[in-house]
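We use all heavy atoms of the structure for the numbers below, so side chains are in, but hydrogens, waters and symmetry mates are not. Reminder, nothing fancy here: chain letters follow the sequence lines and each chain counts from 1.
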There are 2 protein chains.
Amino acid sequence: MKNATDLFFDAFANRNRFNILMQLRDKELCAGELQQKLKVEQTNLSHDLKCLLNCKFITVRKEGRKRIYRINNETKELVDEVANHVKNYEVYLKKCGILREEKNGRV
Amino acid sequence: MKNATDLFFDAFANRNRFNILMQLRDKELCAGELQQKLKVEQTNLSHDLKCLLNCKFITVRKEGRKRIYRINNETKELVDEVANHVKNYEVYLKKCGILREEKNGRV
DNA sequence: TGAATATATGAAATATTTATCATATATAAA
DNA sequence: TTTATATATGATAAATATTTCATATATTCA
């Protein structure tokens with residue numbers, strides 16, 4: 001059974017969703033623009049945007065047949081702080097060894 | 001292939017590891033004390049502590065046959081900010097619907 | 001030295017998350 | 001009112017993370 005913290009991380013700590021939030025830090029964007037910038041599948045992006053909307057991490061407004069997404073202020077601050085932490089700890093994260101850094105090249 | 005942000009979230013956004021960090025906000029604790037407070041398996045706790053150590057989220061010192069763990073300051077601040085955000089957004093997170101809140105009761 | 005306590009390690013089993021697929025809806029323009 | 005564009009939905013397949021299991025190491029005390 002999940003508590004609020006689990007749900008928060010499910011929403012926020014997801015690679016694709018966090019990338020969306022990172023993009024939206026600077027300016028609001030519509031789904032199509034996000035898709036181009038992030039090079040993700042349309043259907044995935046749509047799922048992720050809905051999740052971020054549900055959780056109130058972003059808001060949306062309609063403009064013609066586009067939907068323009070904007071990050072909310074509190075969430076932006078948290079994203080900035082995480083990005084900063086990651087920068088400072090990058091070297092340790094990369095050699096953790098418990099976390100799997102990447103699939104190695106050999107088949 | 002994982003980047004530093006992915007690794008950060010793998011380490012930080014894990015239920016058990018984040019609970020450890022939450023416990024360590026107030027005071028340093030040894031593994032046995034964490035085990036009692038969190039009611040987790042010894043072997044799991046040990047894996048998680050190693051991960052947090054590798055990532056420099058916590059430090060450790062020996063005392064007799066115990067090992068005393070302490071959270072580092074920057075990490076503590078981030079944990080506090082996340083805890084605060086979760087409190088403010090709890091109501092929305094719980095009705096997201098994309099995030100699976102819990103296994104429903106029926107078998 | 002041998003037993004007891006505290007903690008760590010690595011591999012495999014299990015569970016959960018994320019991506020894909022097929023398709024639906026909503027708006028605009030011809 | 002049909003077609004094209006932009007975006008959304010839900011079910012399953014595929015990938016990844018977490019737990020468990022069997023066992024190891026390190027320190028203290030008798």
Check your understanding: Does OP1 or OP2 of C:dT18 have a side-chain N or O of A:Asn14 closer than 4.0 Å?
Key -> yes

Study note, to complete from the structure: Residues passing the salt bridge (Lys or Arg N to Asp or Glu O under 4.0 Å) test with B:Arg17, sequence neighbours excluded, are B:Asp48

**Study point:** Partners passing ring pair (Phe, Tyr, Trp, His ring centres under 6.0 Å) against B:Tyr92 (at least two apart in sequence or in another chain)
**Key:** none

Check your understanding: For A:Asn44 and C:dT17, what is the distance between atoms CG and P respectively, to the nearest whole Å?
Key -> 16 Å

Practice item. For DNA chain C, determine which residues of residues 61-72 of chain B have any heavy atom closer than 4.0 angstrom to one of its atoms, and list them numerically. Key: B:Arg65, B:Lys66, B:Arg67, B:Tyr69

**Study point:** Atom pair distance, as rounded to whole Å: CD in A:Glu41 and P in D:dA6
**Key:** 17 Å

Review point. Under the side chain to side chain donor-acceptor pair (under 3.5 Å) test, which residues partner B:Glu28, sequence neighbours left out?
Key: B:Arg61, B:Arg70

Study note, to complete from the structure: Taken to the nearest whole Å, CG/A:Asp10 to C1'/C:dT18 is 12 Å

**Study point:** Salt bridge flag under 4.0 Å for residues A:Glu90 and A:Lys94
**Key:** yes

Check your understanding: With sequence neighbours left out, what residues match A:Leu53 under side chain to side chain contact (heavy atoms under 4.5 Å, CB included)?
Key -> A:Ile58, A:Val60, A:Tyr69

**Study point:** Contacting residues from residues 24-39 of chain B, given that a heavy atom lies under 4.0 angstrom of DNA chain D
**Key:** none

**Study point:** Approximate separation, where rounding is to 0.5 Å, of A:Leu21 CG and A:Leu78 CG
**Key:** 9.5 Å

Point to revise | Whole angstrom value for the distance that separates C1' of C:dT17 from CZ of B:Phe9 | key: 16 Å

Exercise for review: Output every pair passing ring-ring contact (aromatic ring centres under 6.0 Å, His included) with a member in residues 27-56 of chain B, not counting sequence neighbours, ordered by first then second residue.
Suggested key: none

**Study point:** 5′-ward residue of the pair B:Val60/A:Arg17 relative to DNA chain C
**Key:** B:Val60

**Study point:** Partners passing salt bridge (Lys or Arg N to Asp or Glu O under 4.0 Å) against B:Lys56 (at least two apart in sequence or in another chain)
**Key:** none

**Study point:** B:Arg65: side chain to side chain contact (heavy atoms under 4.5 Å, CB included) partners, not counting sequence neighbours
**Key:** none

Study note, to complete from the structure: Of C:dA19, C:dT9, D:dT19, the nucleotide closest to the side chain of B:Thr43 is C:dT9

Review point. What integer distance in Å separates A:Leu45:CG from C:dC21:P?
Key: 17 Å

Review point. With a 3.5 Å cut-off and just heavy-atom distances, do the side chain of A:Gln42 and the base of D:dA6 make a donor-acceptor pair?
Key: no

Check your understanding: Do the side chains of A:Asn19 and B:Thr5 get nearer than 4.5 Å, heavy atoms only?
Key -> no

Check your understanding: Is any side-chain N or O of B:Asn16 closer than 4.0 Å to OP1 or OP2 of D:dT19?
Key -> yes

Check your understanding: For C:dA19, does OP1 or OP2 lie under 4.0 Å from any side-chain N or O of A:Arg15?
Key -> no

Point to revise | With A:Asn72 via side chain to side chain contact (heavy atoms under 4.5 Å, CB included) - residues at least two apart | key: A:Glu74, A:Thr75, B:Tyr89

Study note, to complete from the structure: A:Phe18 CZ to C:dT18 P, in whole Å, measures 14 Å

**Study point:** B:Lys39: partners by side chain to side chain contact (heavy atoms under 4.5 Å, CB included), with sequence neighbours left out
**Key:** none

Study note, to complete from the structure: What residues 46-56 of chain A contributes to the DNA chain D interface at heavy-atom separation below 4.0 Å is A:Ser46, A:His47, A:Lys50

